[in-house]
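FYI, side chains are in, hydrogens and waters are out, and symmetry mates aren't considered; it's all heavy atoms of this structure.
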Amino acid sequence: MATFSSANPWIAILKGLWVSIRHFFGNLGLFLRGRQDFAIHFPEQRLVQPPALRGMPVLAQMADGKERCVACGLCEWACPTSCITIYPAETADEVERYPEIFDIDMSRCMFCGLCEEACPEEAIIMSRQIEIASYSRRGSLWHKADLLVPVNQLKTRTDYLRRNYER
Amino acid sequence: MLDPERKNPAVPIEGNPAAALEELHTPPMRLQFGPSHPATHGTVKITLDLEGEQVVWSDVEVGYLHRGFEKECETGYYYQNIPYTDRLNYSSPILNNTGYCMAVEKLFGIATPERCNYIRVIGCELSRMADHMLCIGASAMELAAFTPMLYLIEGRELILDMVDSLCGARVTTNFVRIGGVSADMPANFADFARPRLDRALKLFEDADKLLTENPVFRQRMEGTGYLSREDLVAWGVTGPMLRAGGEPYDVRKVHPYLVYGELDFDVPVGEHSDNFDRYLVRLEEFRQSRRLILQCLEGIPDGPVDADDPRVRWPGKGRVFNRMEELIDQFKLVTEGGMPPAGEVYHAVEAANGELGFYIVSDGTGKPWKCRCRAPSFSNMSPLSKMITGGQLADVVPTFGMINMIGGECDR
Amino acid sequence: MSAEKPEEKAPAAPELSPLLEKVLARLGDRVLAHRTARGDDRIHVARERILEVVRILRDDPELNFDLLLDVTAIDYFGQPDDFETKLQVWDRNRATMRRLPQRRHELALPPRGSEPRFAVVYHLTSTRLAHRLRIKCRVPEDDPKLASVTPVWPAANWLERETWDLYGIVFDGHPDLRRIYLYEEFVGHPLRKDYAKHGEQPIQEYVGPGAKEPRRPH
Ligand code: SF4
Ligand code: SF4
């Protein structure tokens, strides 16, 4: 473990100063050589997130503009904070059911991803969207129309998930 | 044994305190330390009676972050409680996930596959590293050493990057599942992790160089917060605090779980049982955790990451989409939860602050009848009053810092 | 589901784990019942003898339970026993390939027995011998009292305060039995099963300094 130069605490202080000076000049040198990533200037620059990132849950929208969800209610059931509300309705389509109302209360959602894991249709997917601040509480209630995202925009996440599908 | 060179921590007040008080004609001053004090990294109220600078009486009040974790658990299915465990010790969430899931697995009698165990160990040790970095950094900052905090936070970010690539979140991990983990490691995880671990270690060494020999830091840490080994055990203290008192009790060694029995690591013990030794033990545990991760990255076998147990582990989506039986299974498991046999289990893991135990009583339905979390911070906090009474006011801060009370876990 | 009684099975002679053997030899008839399940050993003792039992467990060099890990309670609200009957029902249902009982009322359980409502649970371990033991004491609802183990382990101080706070079990001889998580004016004990999860508490009037001053308009 540590060796203590108790005879002369000044030496210890100088050693510590040397560490911080080394950091200072190291960083300065990197800066002069053009390293820019000391700070991410947020709205202009974005952090590079791993493919595993769980952002807010969104609904997958298929090419014909309809949602893939069949209103089975599993995500509603699995959600620990009960922040999903679904009103199912019937349609003449092949799937026969669709959610008339699909609301997620983002002020209660904790981005846990259990809804995505429960969904038997790959219809609710954790997107890469994490900026969901709103000016009012009502603004954090997301309705179906806001939640729909075209499937091809969710490709990173679905590719990540499909890795695990055949387990 | 206390080193004679170190100053005696618990200097008793000379003679009879009451008589001394009468002589001075100054009533003790009552000081409220907290609930939100800038020099404590936790929401706790410490009421102190001060005689000059000396603490003559103290009372510690916790509970400002009580959220009813146990009540909440009783109303959720077993799988729904995993995200709640993230919020116990929020600086090392994967450890809590693992503790809870292993307790439920014990209830079911599930053995997880080898690869899953290795991934869990990697996650646990990453969490432990992050927790120790935060603890040392925050404690140093409370003693006015700000630079190490910056280095350690930078190192912690690197570790959280690894956690992030494992499970998609930095703090609210929700990583471990009953009978497996939520996802396998990314393919290039070892190459991703090694340079980051090296860089984190370098930053850690720099913080070590700044702190360990610094005379100011040492004077505030050495000899303060002393509690004898017998007292530590009697007060139910575990983790780095107990080991700093010379008692090598580490759940990873005593009751090996996951693959800790096969891995090679040392359990550092201190001898003075003061704050400085607690700090040194944490320093060394950080290095041991890194060693463990490197061993795991080296030795991780191929294979499945999920136990093949249809009672509890949700079927793979590939089968859910295409086959009727698995679809029904998915519906049953989500709407009923996995139903363990009735009975009760206690399972403990070594969390960053001590023994984290989960005591689960099942009545045979999909929801726990009782889910008790034995939180290390709670037991470690209980002797705080004893440790600070009789000492100086300034010693409260390093003692509290080295207990590393995490409000979410202590108050649940 | 028919309300048939679970058939009386003669309990198979339980195998004693090495630890339980030692504990039983030392404690004798102070142990009311014992069980080893899933690698955990537990004993049941009468609440009058808890202090006596834990003293022996701590001081005996063969047992040496010096570290008290946890004190908590279980509320067996309306449940007949420690779910042991339920385990038998579960096994029987599984054996006959019936659908597993999903909801609590579907279980054919005997009527609520004479067992007291609460159980106080202690988890002990030994730092030197590395074994764990669980002690359970049944405590009735109308007289939820138990001797405090604070004289044996000071660690019990906060843990018993927590158990009092959340379950309302009184520990006799505790030096400072206050609520620890909740405030003193809190009504009821929230971890009891008859406390609603969304139960509301009466609003407490603030009576401290400045209470009568008008609030700043917002
Ligand atoms: S991410 Fe979690 S909390 Fe949010 S909607 Fe899905 S299940 Fe509910
Ligand atoms: S689980 Fe999937 S398909 Fe079912 S309601 Fe939720 S989003 Fe729709």
Looking at [X], I want to see if its [atom1] is surrounded by more than 12 non-hydrogen atoms of other residues, nucleotides or ligands under 6.0 Å.
{"X": "F42(A)", "atom1": "CZ", "result": "yes"}
{"X": "D64(A)", "atom1": "CG", "result": "yes"}
{"X": "E90(A)", "atom1": "CD", "result": "no"}
{"X": "D198(B)", "atom1": "CG", "result": "yes"}

Contact leader toward chain B among [options], where contacts are heavy-atom pairs under 4.5 Å:
{"options": "P51(A), S20(A), A52(A)", "result": "A52(A)"}
{"options": "G16(A), A78(A), G73(A), C79(A)", "result": "A78(A)"}
{"options": "R22(A), H23(A), M126(A)", "result": "H23(A)"}
{"options": "L161(A), V19(A), L53(A)", "result": "V19(A)"}

Using non-hydrogen atoms and a 4.5 Å limit, figure out which bit of [X] sits close to chain A: side chain, backbone, both or neither.
{"X": "R287(B)", "answer": "neither"}
{"X": "T75(B)", "answer": "neither"}
{"X": "L150(B)", "answer": "neither"}
{"X": "P186(B)", "answer": "backbone"}
{"X": "L333(B)", "answer": "neither"}

Residue [X] versus chain B: region with a heavy atom under 4.5 Å:
{"X": "E122(A)", "answer": "both"}
{"X": "E116(A)", "answer": "backbone"}
{"X": "Y160(A)", "answer": "side chain"}

Please examine the side chains of M110(A) and Y84(B), heavy atoms only from C-beta on, and report whether any two atoms are closer than 4.5 Å.
yes

Most contacts with chain A, counted as non-hydrogen pairs under 4.5 angstrom, among [options]:
{"options": "T172(B), D184(B), L327(B)", "answer": "D184(B)"}
{"options": "E326(B), R177(B), K209(B), R170(B)", "answer": "R177(B)"}
{"options": "G337(B), C167(B), P304(B)", "answer": "C167(B)"}

Distance-minimising heavy-atom pair for P120(A) and F331(B):
CG-CE1, 4.0 Å

For Q49(A) versus D164(B), what's the shortest heavy-atom pair and its separation?
OE1-OD2, 3.6 Å

Just verifying a value: how many Å separate I13(A) CD1 and L210(B) CG, rounded to the nearest 0.5 Å?
11.0 Å

With side-chain contact (heavy atoms from CB on, under 4.5 Å) as the test, pick out the partner of L114(A) among V334(B), N174(B), I82(B).
N174(B)

